[in-house]
Number of protein chains: 2
Amino acid sequence: MGSASNVAVTSLRKLISDGYWKPGEKLREVQVAEILGVSRTPIRLAFRTLEQEGLLEKTGKQGFVVREFSADDVLCGVEIRGVLEGLAARRLAERGLSARDQEALQQCLDDSETLFEKESLVEEDISRWADINSRFHAVIVNGSGSRTIADAIARNNHLPFASSDSIIIDAAHLQKEFRKLHLAHQQHQMVYQALVMGEGTRAEMLMREHAYIGLRYGRLFGLPDALQD
Amino acid sequence: MGSASNVAVTSLRKLISDGYWKPGEKLREVQVAEILGVSRTPIRLAFRTLEQEGLLEKTGKQGFVVREFSADDVLCGVEIRGVLEGLAARRLAERGLSARDQEALQQCLDDSETLFEKESLVEEDISRWADINSRFHAVIVNGSGSRTIADAIARNNHLPFASSDSIIIDAAHLQKEFRKLHLAHQQHQMVYQALVMGEGTRAEMLMREHAYIGLRYGRLFGLPDALQD
DNA sequence: TGCTGTTATTTTGGATCCAAAAATAGGTTT
DNA sequence: AAACCTATTTTTGGATCCAAAATAACAGCA
């Protein structure tokens with residue numbers, strides 16, 4: 001188990017994402033300390049980290065409040081991920097894929113291929129897809145070969161709606177979601193093609209476009225309908 | 001004057017950028033506390049902030065060390081700014097400039113126009129240009145209308161070589177630098193044209209290209225010669 | 001000499017304490 | 001009823017204290 005301070009960061013991130021406090025609501029150090037069963041010190045450290053991540057912000061007055069996000073912020077978070085992952089993909093294509101990377105990506109495509117052989121999905125397929133998707137993006141991000149780029153993407157991913165992992169699927173309508181996930185898979189295939197052919201500009205463009213598919217699952221964030229489908 | 005903790009962040013940022021500690025060198029809390037004349041508490045808070053900004057990193061062992069940057073990291077920092085400011089410019093062009101924004105940009109262009117009417121620059125012109133350049137970029141970043149994008153750019157700018165303000169001019173060769181700054185000015189003009197005409201894609205592309213001009217002054221960061229001119 | 005296990009010292013992480021700043025409540029005046 | 005000033009309570013920021021972890025120093029041994 002990690003230090004109390006690191007635990008505080010992750011626990012707080014979850015509490016905030018789960019809506020324990022309303023947007024704009026102030027967090028009192030003593031209250032948070034009691035909830036997590038630690039003293040104020042690790043909480044104060046955690047507040048600084050969460051502030052940098054963009055989940056908290058200083059008020060004009062005193063203390064920190066949970067950051068309020070608009071539908072446009074959600075769109076921007078996704079677009080930021082698009083341009084950054086696009087940058088990573090372009091670099092990967094231009095430097096050339098290692099055999100290891102190419103295999104890993106191929107494996108992702110094979111895995112999702114078997115997933116989509118059926119006509120529809122069952123609930124547990126969702127987590128299978130989440131895993132495949134996560135691996136695919138990780139290869140590209142790390143494949144940029146730049147820690148600076150990877151860090152920038154990681155920072156942006158702290159916004160709970162911006163990460164490529166944050167695709168939320170409506171389990172009640174698996175039939176409808178099938179088409180959408182299948183499209184995501186096809187986009188992965190196209191990106192893969194561009195990467196192995198060393199077409200950096202095309203890989204970048206495809207990754208930028210691919211980012212928007214996350215928005216299609218953004219109903220929970222109050223996106224206008226026009227952006228949803 | 002701000003709180004001791006905020007002072008610690010800015011003071012530490014400067015100390016690190018000035019090379020007080022070598023890259024990879026460990027920072028001891030008590031030592032830093034003595035240097036800045038405060039207790040360990042604000043230092044510990046500052047370390048967290050600086051870690052998020054990317055100037056410090058946790059070692060595998062214990063404590064924080066100053067992050068070491070490669071020439072490629074410098075390139076990536078600049079490219080990241082390019083895609084993010086490009087995103088901001090595209091949004092600004094697509095939503096349309098306010099009269100206020102258009103005036104502010106026009107004023108920047110007018111100011112630099114008078115700067116480049118002469119055949120060469122004197123030393124104080126450099127700070128004049130730095131101010132103009134800073135204002136120009138600020139209008140575009142804020143013009144995106146998205147705090148999320150502005151924050152992402154601000155975070156990236158914490159890398160001391162990535163900010164658009166970090167153009168370093170060799171005062172010993174003002175004659176040679178003249179051409180480079182003049183090119184930057186011409187790029188500003190092109191960006192302005194694209195913005196007022198509402199050509200988002202072109203504005204984005206021009207901003208991305210414009211970012212690279214910072215690299216031309218990157219000698220101090222050990223960039224390979226091929227990237228310099 | 002080189003290696004390993006043990007002890008001593010340093011350094012960090014968390015809790016507590018205290019003072020200063022800020023928010024709140026209450027009462028007064030207009 | 002609204003604005004203003006004051007007093008009380010709350011909350012934060014910084015310093016200090018203590019324990020645990022980690023690093024460094026050291027002795028014993030192959």
Side-chain angles (χ1 to χ4, degrees), chain A residues 1-16 19-68 151 154-155 158, chain B residues 1-16 19-68 151 154-155 158:
Chain A
M1 194 176 92
S3 64
S5 173
N6 291 330
V7 172
V9 171
T10 51
S11 305
L12 253 181
R13 243 199 303 253
K14 182 160 170 47
L15 279 175
I16 294 170
Y20 190 94
W21 292 274
K22 295 187 215 309
E25 193 177 347
K26 185 178 171 182
L27 274 71
R28 272 176 226 82
E29 292 178 359
V30 283
Q31 183 200 11
V32 178
E34 281 170 12
I35 292 175
L36 300 183
V38 293
S39 82
R40 277 176 56 215
T41 306
I43 301 299
R44 292 175 65 189
L45 295 171
F47 278 10
R48 296 305 177 105
T49 301
L50 276 296
E51 182 199 14
Q52 290 294 319
E53 291 181 1
L55 264 66
L56 296 180
E57 61 181 342
K58 283 212 191 81
T59 68
K61 310 190 168 185
Q62 192 189 52
F64 294 90
V65 299
V66 310
R67 170 88 181 272
E68 185 164 7
D151 283 354
R155 274 198 294 269
H158 281 132
Chain B
M1 195 176 90
S3 65
S5 173
N6 290 329
V7 173
V9 171
T10 50
S11 305
L12 253 180
R13 240 199 304 254
K14 181 160 171 49
L15 279 175
I16 294 170
Y20 190 94
W21 293 272
K22 294 187 216 310
E25 192 176 348
K26 186 178 171 184
L27 274 71
R28 273 174 224 84
E29 294 177 358
V30 283
Q31 184 200 10
V32 178
E34 282 169 11
I35 293 175
L36 300 185
V38 292
S39 83
R40 277 176 56 216
T41 306
I43 301 299
R44 292 175 64 189
L45 295 171
F47 278 11
R48 297 305 176 105
T49 301
L50 276 297
E51 183 199 13
Q52 290 294 319
E53 291 181 1
L55 264 66
L56 296 179
E57 61 181 341
K58 284 214 191 78
T59 68
K61 313 193 166 182
Q62 191 191 54
F64 294 90
V65 299
V66 310
R67 169 88 181 273
E68 185 164 8
D151 283 354
R155 274 197 296 269
H158 282 132

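Numbered from 1 within each chain, the chains take letters A, B, ... in sequence-line order.
For the pair S39(B) and dG14(D), the criterion of a side-chain N or O lying under 4.0 Å from OP1 or OP2 is not met.
In this structure, CD of E25(A) is placed 13 Å from P of dT11(D), rounded to the nearest angstrom. What separates CG of L56(B) from P of dT12(C) is a distance of 12 Å, to the nearest Å. Taking atom CG of residue L36(B) and atom P of nucleotide dA15(D), one finds them 11 Å apart after rounding to whole Å. One can place NZ of K61(B) at 18 Å from P of dT10(C), the figure rounded to the nearest angstrom. One can place CD of E34(B) at 13 Å from P of dT10(C), the figure rounded to the nearest angstrom. Atom CD1 of I43(A) is separated from atom P of dG13(C) by 15 Å (rounded to the nearest Å). In this entry the distance linking CZ of R40(B) with P of dC18(D) reads 14 Å, nearest Å. For Q31(A) and dT10(D), the CD to P distance is 15 Å, given to the nearest whole Å.
Annotation: of the two residues near DNA chain D, T59(B) and R44(A), the 5′-most nearest-nucleotide partner is R44(A). Taking for each of G37(A) and E29(B) the nucleotide of DNA chain C with the nearest heavy atom, the 5'-most of the two is the partner of E29(B). Between P42(B) and K26(B), the residue whose closest nucleotide on DNA chain D is further toward the 5' end is P42(B).
L27(A) comes within contact range of the sugar-phosphate backbone alone, with a heavy-atom separation under 4.0 Å but no base atom that close.
Looking at every heavy atom in both residues, I43(B) comes nearest to E29(B) through CG2-O, 4.2 Å. Contact detail for P42(A) and S5(A): the closest heavy-atom pair is CB-CA, 3.8 Å.
In this structure, the nucleotide among dT11(D), dT11(C), dG14(D) sitting nearest to the side chain of Q62(B) is dT11(C).
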Step-by-step side-chain contact (heavy atoms from CB on, under 4.5 Å) determination, L45(B) to L45(A): CA-CA 6 Å; L45(B) 295 171; L45(A) 295 171; 3.7 Å; yes
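A donor and an acceptor atom, one from each side chain of R44(A) and T41(B), are nowhere located under 3.5 Å apart.
Using a 4.5 Å heavy-atom cutoff, the side chains of F64(A) and K58(A) are in contact.
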